Amino acid sequence: MPVEFISAINVNASNEVNGRGDPVIDVAFLRRYARVLEDGGFDYTLVPYNSAFHDPFGVAVALTGVTERLRPIVALRPNTMYPTVAAKALVTLDQLSGGRAVVHFIAGGSDAEQAREGDRLAKAERYEREEEYIRILRRVWTSREPFDHAGKYYSFENFVSLVRPVHGTIPVSVGGSSQEAYRVGGALGDIFGLWGEPLADTRQQMDRIAAEARRAGRADSPRIWVTFRPIVAATDALAWEKAERIRRVLQERAGSGLWSTKQRWGGNEPPANVGSQRLLEIAARKDVHDRALWTPTATATGAAGASTALVGSYETVAAAILDYVDLGAELISIRGYDNLDDAIDYGRYIIPLVRQELAHRETIGAAK
């Protein structure tokens, strides 16, 4: 089974380990980071969105200008940009990058964070809006004639775009762990993003997404993307020592500053989104699941985003990733807590090991 790797771009050296909160783009660092990802064998990089941070479209254009193969996944909240404008912005990125654009939809996991930019819709309505939004994008990308739209959240008349995606369309990714997310992503997503959970829990989510795809009349199902924050070293023992050091740092940073749970969630309340609730419940069961999934990092950060780690030697973590590939995941997101150094290690050790094993399996299978 083919597998592709995803990371997340950083615009400067700030990260959760060093605790820096620099808001300025370091252009030299951004270029270096993008090249490290491409040279390390990553296929995609997420360009994240937060109300307080940089415009992801600008960052995506910059990183594609210094790479040839790396595909930016632009995180998009529907409340921030009108769909006809977003459709053209994505196509512009797609054309500038030679057909590399991908979009990842975020319905919004925090009412407080959404309200920072004037979005006060309830969760169910946010997913309804997301569904309408995706359908509009797809029609803009394919329609040759002007069309009208009169929906619950958007309406316009006589719109047509003259700019077209390089490959006819742009892949759409949807994330989440709620029934609303499964419904929208199962029906409309090319890719569905999950956070790193134990194998059995991940299997259950994959089954629910596939069921929603069938319910929507699809013959296929979205490709599954699973995200981890690996903590690796030359041996298992060294990796676990490193993991404990990182856990202590994350716990210290959670109380205040850029990396605090208040800043991430927009308030002091526990997370309202199902994905974070699931991670915290899984962490409460026990610290280590399956081969190498470690959950105290989720507890330390309040599960503010993808936060579970795979801990171990390069060989152990590669084997753990292959467990999820065997489950059916086709895209694996690995980004560290010490971002640049971790990305270098992943490219040197983890990605080659996974791909070598998959190539070996293919050779053995072909010989039978």
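A quick note: this is a predicted structure, and the numbers were derived from the prediction, not measured. Numbering starts at 1 and runs along the sequence shown.
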Q: Evaluate the side chain to side chain donor-acceptor pair (under 3.5 Å) criterion for residues Glu117 and Thr80: first the C-alpha distance (whole Å), next the side-chain angles of each, then the deciding distance (0.1 Å), finally the verdict.
A: CA-CA 8 Å; Glu117 294 184 297; Thr80 63; over 6 Å; no
(Q) salt bridge (Lys or Arg N to Asp or Glu O under 4.0 Å), that's the test. Do Arg361 and Glu357 meet it? Break it down for me. (A) CA-CA 6 Å; Arg361 293 179 183 182; Glu357 173 58 22; 3.0 Å; yes
(Q) Please check this pair: side chain of Asp341 against backbone of Asp338, looking for a donor-acceptor N/O pair closer than 3.5 Å. (A) no
Q: Kindly say whether Leu121 contributes a backbone atom to a donor-acceptor pair with the side chain of Gln114 at under 3.5 angstrom?
A: no
Q. How are the rings of Tyr33 and Phe29 set relative to one another: parallel (under 30°), tilted (30 to 60°) or perpendicular (over 60°)?
A. tilted
Q: Answer yes or no: is there a donor N or O on one side and an acceptor on the other, between the side chain of Asp290 and the main chain of Leu293, under 3.5 Å?
A: no
Q) Are the ring centres of Tyr346 and Phe5 closer than 6.0 Å? A) no
Q) So, Ser7 side chain and Arg335 main chain: donor-acceptor pair closer than 3.5 Å or not? A) no
Q: Return yes if some donor-acceptor pair links the side-chain N/O of Gln95 with the main-chain N/O of Arg164 below 3.5 Å, else return no.
A: yes
Q) Are Phe147 and Val160 side-chain neighbours, meaning at least one heavy-atom pair lies under 4.5 Å? A) no
Q | Ring centroid separation His289 to Trp294 under 6.0 Å | A | no
Q: Measure centre to centre between the rings of Phe105 and Tyr133, then say whether the value is under 6.0 Å.
A: yes
Q: Establish, for the pair Arg77 and Tyr49, whether the NZ or CZ atom is under 6.0 angstrom from the six-membered ring centre and no further than 45 degrees off its axis.
A: no
Q.
Can a donor-acceptor pair be found, under 3.5 Å and without considering hydrogens, that links the side chain of Ser276 to the backbone of Ala304?
A. no
